[in-house]
Asker: 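A single structure is presented below for examination.
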2 protein chains.
Amino acid sequence: MLSKKTRYAIKALVIMGKNFGNEPMQISRIAAEEHIPKKFLEQILSDLRNAGLLYSKKGAGGGYKLIKDPKEIFLVQVLRITGGPIALLPCVSLNFYQRCEECIDEGTCGVRDVFVDVRNASLKILAETSIADVMERENRLKNNFIEVV
Amino acid sequence: MLSKKTRYAIKALVIMGKNFGNEPMQISRIAAEEHIPKKFLEQILSDLRNAGLLYSKKGAGGGYKLIKDPKEIFLVQVLRITGGPIALLPCVSLNFYQRCEECIDEGTCGVRDVFVDVRNASLKILAETSIADVMERENRLKNNFIEVV
DNA sequence: TATAATGTATATAGATTTAGTAGTCTTTGA
DNA sequence: TCAAAGACTACTAAATCTATATACATTATA
């Protein structure tokens, strides 16, 4: 399960994606719109900034905005920055690998072998899906809703 | 990430799978072979038993064994018994659903939409893979190793 | 240049979950 | 009757996650 930190990070990036090309957005505005605790969001945006995804401007009229086009920011990057695990087993994680202490021989572990496949399936989607794709899905869902009603 | 409980559960089922058709295995033996803390394993096997996967026998000469053929026990069942989440977001989980508190409209959430796909991809593998498949993968890995050496 | 708005950094507290342990009871077979 | 084994309940320790608090730095603008 993703941490709230990761979830909030993605949501914040999506909302900044909608604002791409415009002036920076203030933390408090993002926090209010997405119902995210402001102080917590501060930390998260700071991490995303240190990772090179965001530009920030201090002082009055300051805020955050995306450095890159939302088409070029992929979910897998976000998960890695915020430490959200993709793999379901530590011994299968590419970026947060840890040996399973109890394991006798990782190389011949059938359980691990299955969860490598699971990771690859998840990873494929997360590596192909950008912030812009998320925005597009949202639009599609909204339009479908109107059609149905 | 799966809990150790879930990991231990799968490993215990695999080792009992190898023993399928024979006399019950004692907790202490499984614990020793798989390097799992005995008392913790006790709880886990008890859960698997209550869920109908294991037969148990008390007293001298007692122990645990599979009720069903390992071909008929699928990983998804084990995860659900031990509470291991498959979905990466609570609002996407089929069996452990919880609303994301901050979410304004689940129905048009683009993030959720992506993670439904991720869940489906993982679920497909876990619902198709049985304990017997895990055993088979293990054998295949061992044989490949011999060939390579 | 004073002030208010804003981000930065660090520390810490509280809640929750996970992992593991202890102890006692019950059942079974020899 | 005794020892071996599982069943059940409660507890604790550790880790992690979420959130808040505090103090500080920077910037726009009046």
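We name chains A, B, ... by the order of the sequence lines, and we start the count at 1 in each one. What's counted below: heavy atoms across the whole structure, side chains too, no hydrogens, waters or symmetry copies. Just so it is clear, the structure is predicted and the values come from calculations on it, not from any experiment.
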Asker: What nucleotide, of D/dT18, C/dA5, D/dA19, holds the atom closest to the side chain of A/Ser3?
Answerer: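 In terms of side-chain proximity for A/Ser3, the closest of D/dT18, C/dA5, D/dA19 is D/dT18.
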Asker: With B/Cys103, which residues qualify under side chain to side chain contact (heavy atoms under 4.5 Å, CB included), at least two apart?
Answerer: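 Side chain to side chain contact (heavy atoms under 4.5 Å, CB included) list for B/Cys103, sorted by chain: A/Lys11, B/Cys100, B/Cys109.
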Asker: What residues, two or more places apart in sequence or in another chain, satisfy side-chain hydrogen bond (donor to acceptor under 3.5 Å, both in side chains) together with A/Glu128?
Answerer: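 A/Glu128 satisfies side-chain hydrogen bond (donor to acceptor under 3.5 Å, both in side chains) with A/Lys124 once adjacent residues are dropped.
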Asker: By salt bridge (charged side-chain N to carboxylate O under 4.0 Å, His left out), which residues pair with A/Asp69, not counting sequence neighbours?
Answerer: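 Scan of A/Asp69 (salt bridge (charged side-chain N to carboxylate O under 4.0 Å, His left out), adjacent residues dropped) gives none.
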Asker: Once you round it to whole Å, what is the distance between C1' of C/dG20 and CD of A/Glu101?
Answerer: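 It is 12 Å, rounded to the nearest whole Å.
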Asker: Can you tell me if the side-chain N/O atoms of A/Lys4 get under 4.0 Å from OP1 or OP2 in D/dA19?
Answerer: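 Yes, within the criterion.
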Asker: On DNA chain D, does the nearest nucleotide to A/Gly61 precede the nearest nucleotide to A/Lys5 from the 5' side, or the other way round? Give the residue.
Answerer: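 Residue closer to the 5' terminus by nearest nucleotide: A/Lys5.
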Asker: Rounded to whole Å, how long is the line connecting atom CG of A/Leu45 with atom C1' of C/dT6?
Answerer: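 My rounded result for the distance is 13 Å.
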Asker: What residues form a side-chain hydrogen bond (donor to acceptor under 3.5 Å, both in side chains) with A/Tyr97, not counting sequence neighbours?
Answerer: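 Expected list: A/Glu106.
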Asker: Could you list by number each residue of residues 26-43 of chain B showing a heavy-atom separation from DNA chain D of less than 4.0 Å, or answer none if no residue does?
Answerer: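 Hits under 4.0 Å, by residue number: B/Gln26, B/Ile27, B/Lys39, B/Glu42, B/Gln43.
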Asker: Taking only distance into account, with no hydrogens and no angle test, what donor-acceptor pairs under 3.5 Å do side-chain atoms of residues 71-92 of chain A form with protein atoms, sequence neighbours excluded?
Answerer:
unit_1: A/Gln77; atom_1: OE1; unit_2: A/Phe74; atom_2: N; d: 2.8
unit_1: A/Thr82; atom_1: OG1; unit_2: A/Thr6; atom_2: OG1; d: 2.7
unit_1: A/Thr82; atom_1: OG1; unit_2: A/Val78; atom_2: O; d: 3.0

Asker: Quick one, which residues of residues 47-56 of chain B touch DNA chain C with a heavy atom under 4.0 Å?
Answerer: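 By residue number: none to list.
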Asker: Taking only Lys NZ, Arg NE, NH1 and NH2, and the carboxylate oxygens of Asp or Glu, determine whether B/Arg137 and A/Asp117 approach each other closer than 4.0 Å.
Answerer: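 Counted as a salt bridge, because a side-chain N and a carboxylate O are separated by less than 4.0 Å.
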Asker: With sequence neighbours excluded, what pairs up with A/Gln98 under the side-chain hydrogen bond (donor to acceptor under 3.5 Å, both in side chains) test?
Answerer: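 Not a single residue meets the side-chain hydrogen bond (donor to acceptor under 3.5 Å, both in side chains) criterion with A/Gln98.
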Asker: Establish, with yes or no, whether the OP1 or OP2 oxygen of D/dA28 is under 4.0 angstrom from a side-chain nitrogen or oxygen of A/Lys57.
Answerer: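 True: A/Lys57 side-chain N/O within range (under 4.0 Å) of D/dA28 OP1/OP2.
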Asker: Using a heavy-atom distance cut-off of less than 4.0 Å, which residues of residues 83-97 of chain A contact DNA chain D?
Answerer: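 Heavy-atom cutoff 4.0 Å gives no residues at all.
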Asker: Taking CD in B/Glu23 as the centre, count heavy atoms belonging to other residues, nucleotides or ligands within less than 6.0 Å. Is the count above 12?
Answerer: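 Check fails, neighbour count at 12 or below.
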Asker: Between B/Leu41 and B/Lys5, is there a side-chain heavy-atom distance shorter than 4.5 Å?
Answerer: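 Of all side-chain heavy-atom pairs linking B/Leu41 with B/Lys5, none is under 4.5 Å.
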Asker: Considering just the side-chain nitrogens and oxygens of A/Tyr8, establish if one lies under 4.0 Å of OP1 or OP2 belonging to D/dT18.
Answerer: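 A/Tyr8 to D/dT18 OP1/OP2: no side-chain N or O under 4.0 Å.
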Asker: By side chain to side chain contact (heavy atoms under 4.5 Å, CB included), which residues pair with A/Leu54, not counting sequence neighbours?
Answerer: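 With sequence neighbours excluded, A/Leu54 shows a side chain to side chain contact (heavy atoms under 4.5 Å, CB included) to A/Leu13, A/Met16, A/Leu45, A/Leu48, A/Arg49, A/Tyr64, A/Leu66, given in chain and number order.
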Asker: Mind calculating the distance between CE (B/Met25) and P (D/dG6) to the nearest angstrom?
Answerer: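 Between P of D/dG6 and CE of B/Met25: 11 Å.
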Asker: To the nearest Å, how far apart are A/Gln98 CD and C/dA19 P?
Answerer: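 To the nearest whole Å, that distance equals 12 Å.
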Asker: Of all residues at least two apart in sequence or in a different chain, which pass the ring pair (Phe, Tyr, Trp, His ring centres under 6.0 Å) check with B/Phe115?
Answerer: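 Here no residue qualifies.
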Asker: Rounding to a whole Å, what distance do you find between B/Lys58:NZ and C/dT26:C1'?
Answerer: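 From B/Lys58 NZ to C/dT26 C1': 4 Å.
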Asker: Rounded to the nearest angstrom, tell me the gap between atom CD1 in B/Ile44 and atom C1' in D/dA7.
Answerer: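 Computing the B/Ile44:CD1 to D/dA7:C1' distance gives 15 Å.
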Asker: A/Arg112: which residues meet the side-chain hydrogen bond (donor to acceptor under 3.5 Å, both in side chains) condition with it, sequence neighbours left out?
Answerer: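 side-chain hydrogen bond (donor to acceptor under 3.5 Å, both in side chains) list for A/Arg112, sorted by chain: empty.
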Asker: Kindly point out which of C/dA5, D/dA19, D/dA25 is positioned nearest to the side chain of A/Ala60?
Answerer: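 Of the candidates, C/dA5 comes closest.
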